[in-house]
Amino acid sequence: MEELLYKSTRSESKPVTASKAILKGLAEDGGLYVPEKFPKLEISMEEISKMDYKEIAYQVMSLFFTDFTEEELRGCIDRAYDTKFDTEEIAPIVKAGGAYYLELFHGATIAFKDMALSILPHLLTVSAKKNKVKNDIVILTATSGDTGKAALAGFADVEGTKIIVFYPENGVSPIQKKQMVTQKGKNTYVVAIQGNFDDAQTGVKEIFNDKEFAKELEKDQVQFSSANSINIGRLVPQVVYYVYAYAKLLAEGELSNKETLNVVVPTGNFGNILAAFYAKNMGVPIGKLICASNENKVLYDFFQTGIYNRNREFVLTNSPSMDILVSSNLERLIYWLAGNSANKNVDCMSGLSAKGVYHISEEMREKLSNFYGNFASEEETGDAIKTLFEDTGYIIDTHTAVAASVYQKYKKDTQDTTKTLIVSTASPYKFTRSVMEVIDKEKYQGMGDFELADELSRISAVPIPRAIEEIRNAKVLHDRVCQKDNMKEAIRDILTNK
């Protein structure tokens with residue numbers, strides 16, 4: 001197989017292998033790694049439709065991670081997609097309300113991040129061995145709620161690694177916070193920052209780009225890598241479930257061969273919908289890529305105007321994992337829109353860094369025709385949950401509800417009747433209060449989070465996930481808090497035990 005190399009979105013520096021891109025996380029020039037070209041699926045969707053999730057994962061990932069041997073890659077896949085998932089099917093699809101819901105929340109932390117963060121630790125440790133890395137790998141991550149716990153669970157007690165997660169102190173749900181602060185593992189560290197997610201994400205990026213700090217830590221035989229979706233080792237495993245979803249619908253007779261499928265993705269950092277874009281470019285018959293935002297609608301405005309402008313009020317919503325004003329993975333799309341021009345991409349990113357805004361050209365905008373953006377208000381998000389439950393008995397979480405609401409707007413705007421997959425990114429059990437209070441505020445207001453979980457189980461006939469039961473009486477193990485400007489000091493304290 002021809003080797004696929006990865007280049008930075010910010011310079012014409014020498015391309016690197018997949019394993020080096022996974023190890024580095026972020027390129028040395030601050031850019032994100034992208035494949036030199038989109039690999040094409042080598043077998044038909046009909047053949048893929050006869051495979052299980054693990055085999056499809058191998059077929060897709062082997063095209064991207066060409067410097068991994070078959071044994072190495074299959075070993076990573078086998079260790080990732082095992083009994084930690086609570087359904088026999090890794091990602092079941094539920095038909096409800098005129099759409100297909102791809103449930104990506106059956107892993108250890110009941111959110112879609114498990115799909116990629118179950119395998120990233122294994123990809124990373126294999127990459128370290130392949131590149132003869134002797135240092136400990138320190139995973140540095142900012143989270144808006146879900147990445148943090150999924151990364152902590154994935155890396156807990158993985159030899160040769162440590163993981164430090166920063167989260168906004170008042171910007172995650174009570175369940176998300178409890179999941180993180182009760183995480184076991186001698187190599188896990190959790191730090192609340194007094195700021196929002198964008199502050200945490202900016203701080204992490206600045207630390208990655210701090211060469212002096214890297215040299216300082218090198219003396220202690222540690223080096224940084226990332227578990228955020230800026231890491232190509234996070235992004236590629238997400239491509240798999242779009243290939244899988246199409247193949248499964250084909251196998252079940254819900255789609256005919258080569259029939260187009262639209263995809264709706266609740267979007268914050270843009271990694272998940274970018275994975276769908278990659279799948280489309282690999283040859284999966286995906287039509288419209290429908291980008292669903294909450295009231296932090298920076299992406300909606302971008303698709304409407306071609307202007308990305310983060311200079312606005314940051315809104316705390318009931319879909320906190322999408323409370324983001326700087327969508328890091330959009331940079332990979334900007335680079336592609338610019339004809340893979342690092343210079344044009346750097347112009348945009350410099351504008352974002354200096355003034356919080358950039359404009360794309362008309363020529364670049366024309367290449368966005370496969371995308372549609374819209375947003376849902378808090379009220380519309382609640383209405384989507386309540387309506388779907390009352391009509392079908394099926395309960396979705398707040399993030400999935402943003403997507404469901406935007407899907408209705410898309411149909412109204414376009415009259416498009418193409419079959420549609422809505423990506424269900426988290427279990428309603430992760431956001432019990434927000435979900436239950438829109439179903440019946442009078443009845444459920446004032447109940448505790450775990451009481452609400454019991455009630456959700458009763459009305460949905462869905463058992464309480466293991467992930468919720470585990471934290472019901474779990475002890476808080478992490479209580480560090482720092483100012484948003486003191487993240488480096490917090491890391492130094494953790495790694496040097498000063």
Side-chain angles (χ1 to χ4, degrees), residues 1-7 15-28 32-36 39 52-85 90 107-108 113-141 147 150-164 185-188 208 218 221-241 243 271 275 278:
M1 186 187 293
E2 186 185 349
E3 185 169 41
L4 183 65
L5 296 175
Y6 290 80
K7 52 190 179 180
V16 300
T17 60
S19 62
K20 281 187 177 164
I22 290 167
L23 264 179
K24 286 175 177 286
L26 203 63
E28 286 177 13
L32 277 60
Y33 283 113
V34 290
E36 287 194 304
D52 64 10
Y53 193 90
K54 284 186 183 181
E55 188 56 40
I56 294 172
Y58 177 74
Q59 293 298 329
V60 173
M61 290 191 215
S62 63
L63 299 175
F64 283 96
F65 300 150
T66 53
D67 64 329
F68 283 67
T69 66
E70 180 172 350
E71 183 183 12
E72 285 169 341
L73 190 51
R74 286 193 186 277
C76 290
I77 290 166
D78 285 341
R79 290 193 292 277
Y81 303 115
D82 57 10
T83 55
K84 69 174 72 71
F85 288 83
I90 300 292
K113 306 291 173 78
D114 291 323
M115 301 298 292
L117 283 164
S118 293
I119 193 167
L120 180 62
H122 306 296
L123 294 172
L124 200 59
T125 50
V126 170
S127 294
K129 283 177 191 163
K130 290 176 83 64
N131 290 280
K132 299 181 171 55
V133 169
K134 298 287 192 287
N135 292 344
D136 275 0
I137 308 288
V138 178
I139 304 301
L140 203 57
T141 290
T147 288
L152 288 161
F155 280 94
D157 293 322
V158 171
E159 197 175 337
T161 70
K162 291 184 174 72
I163 176 162
I164 305 171
K186 62 183 183 297
N187 64 338
T188 64
F208 270 117
E218 178 75 29
Q221 294 188 299
V222 296
Q223 67 186 65
F224 289 133
S225 189
S226 170
N228 281 79
S229 54
I230 56 175
N231 193 316
I232 199 71
R234 259 284 301 279
L235 185 62
V236 168
Q238 294 186 106
V239 178
V240 174
Y241 49 69
V243 181
Y278 275 36

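Rounded to the nearest 0.5 angstrom, I22 CD1 and F64 CZ are separated by 11.5 Å. In this structure, the separation between OG1 on T17 and CZ on F65 is 11.0 Å, given to the nearest 0.5 Å. Note: L123 CG to M61 CE = 6.5 Å, rounded to the nearest 0.5 Å. To the nearest 0.5 Å, atom CD1 of residue I163 and atom CG of residue L117 are 7.5 Å apart. Separating the CG atom in L124 from the CD1 atom in I119 is a distance of 12.0 Å, to the nearest 0.5 Å. In this structure, the separation between CG on L140 and CZ on F224 is 5.0 Å, given to the nearest 0.5 Å.
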**Message:** Applying side chain to side chain contact (heavy atoms under 4.5 Å, CB included) to N131 and K20, what does each step give before you reach the verdict?
**Reply:** CA-CA 7 Å; N131 290 280; K20 281 187 177 164; 3.2 Å; yes

**Request:** Go through the steps to decide whether N231 and S226 satisfy the test side chain to side chain donor-acceptor pair (under 3.5 Å), and finish with yes or no.
**Result:** CA-CA 6 Å; N231 193 316; S226 170; 5.2 Å; no

**Asked** Checking side chain to side chain contact (heavy atoms under 4.5 Å, CB included) for the pair L73/Y58: CA distance, chi angles, key distance, verdict?
**Response** CA-CA 7 Å; L73 190 51; Y58 177 74; 3.9 Å; yes

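A donor-acceptor pair under 3.5 Å is formed between the side chain of N187 and the backbone N or O of D157. With hydrogens and angles disregarded, a donor-acceptor distance shorter than 3.5 Å links the side chain of K84 to the backbone of R79. Using modelled atom types, one side-chain atom of T66 and one backbone atom of L4 make a donor-acceptor pair closer than 3.5 Å. No donor-acceptor pair under 3.5 Å is formed between the side chain of S229 and the backbone N or O of R234. Under a 3.5 Å cut-off, the side chain of S62 and the backbone N or O of Q59 do form a donor-acceptor pair.
When every heavy atom of S19 is checked against every heavy atom of D67, the shortest pair comes out as OG-OD2, 2.5 Å. What you find for A227 and T147 is that their closest heavy atoms are O-CG2, 4.2 Å. Taking all atoms of both residues into account, the shortest heavy-atom contact from L5 to P15 is CB-CB, 3.8 Å. Nearest heavy atoms, A21 versus Y6: CB-CB, 4.1 Å.
A salt bridge is absent between K129 and E72; no separation between the charged side-chain nitrogens and carboxylate oxygens falls under 4.0 Å.
The environment of NZ in K130 is crowded: more than 12 heavy-atom neighbours from other residues, nucleotides or ligands sit within 6.0 Å. Heavy-atom contacts from other residues, nucleotides or ligands closer than 6.0 Å to CD of E3 number more than 12.
The shortest distance between side-chain heavy atoms of T161 and P121 does not fall below 4.5 Å. K162 has its side chain out of reach of K186: every pair of non-hydrogen atoms, C-beta onward, lies at least 4.5 Å apart. Two residues are said to be in side-chain contact when any heavy atoms from C-beta on lie closer than 4.5 Å; M115 and F85 meet this criterion. Side chains of Y278 and V243 form no contact here, defined as non-hydrogen atoms less than 4.5 Å apart. Contact annotation: the side chain of Q223 never approaches that of V138 to less than 4.5 Å [non-hydrogen atoms, C-beta and beyond]. A 4.5 Å side-chain heavy-atom check between L23 and I137 finds at least one atom pair inside the cut-off.
Using cut-offs of 30° and 60° for the angle between ring planes, the Y53 and Y81 rings count as perpendicular.
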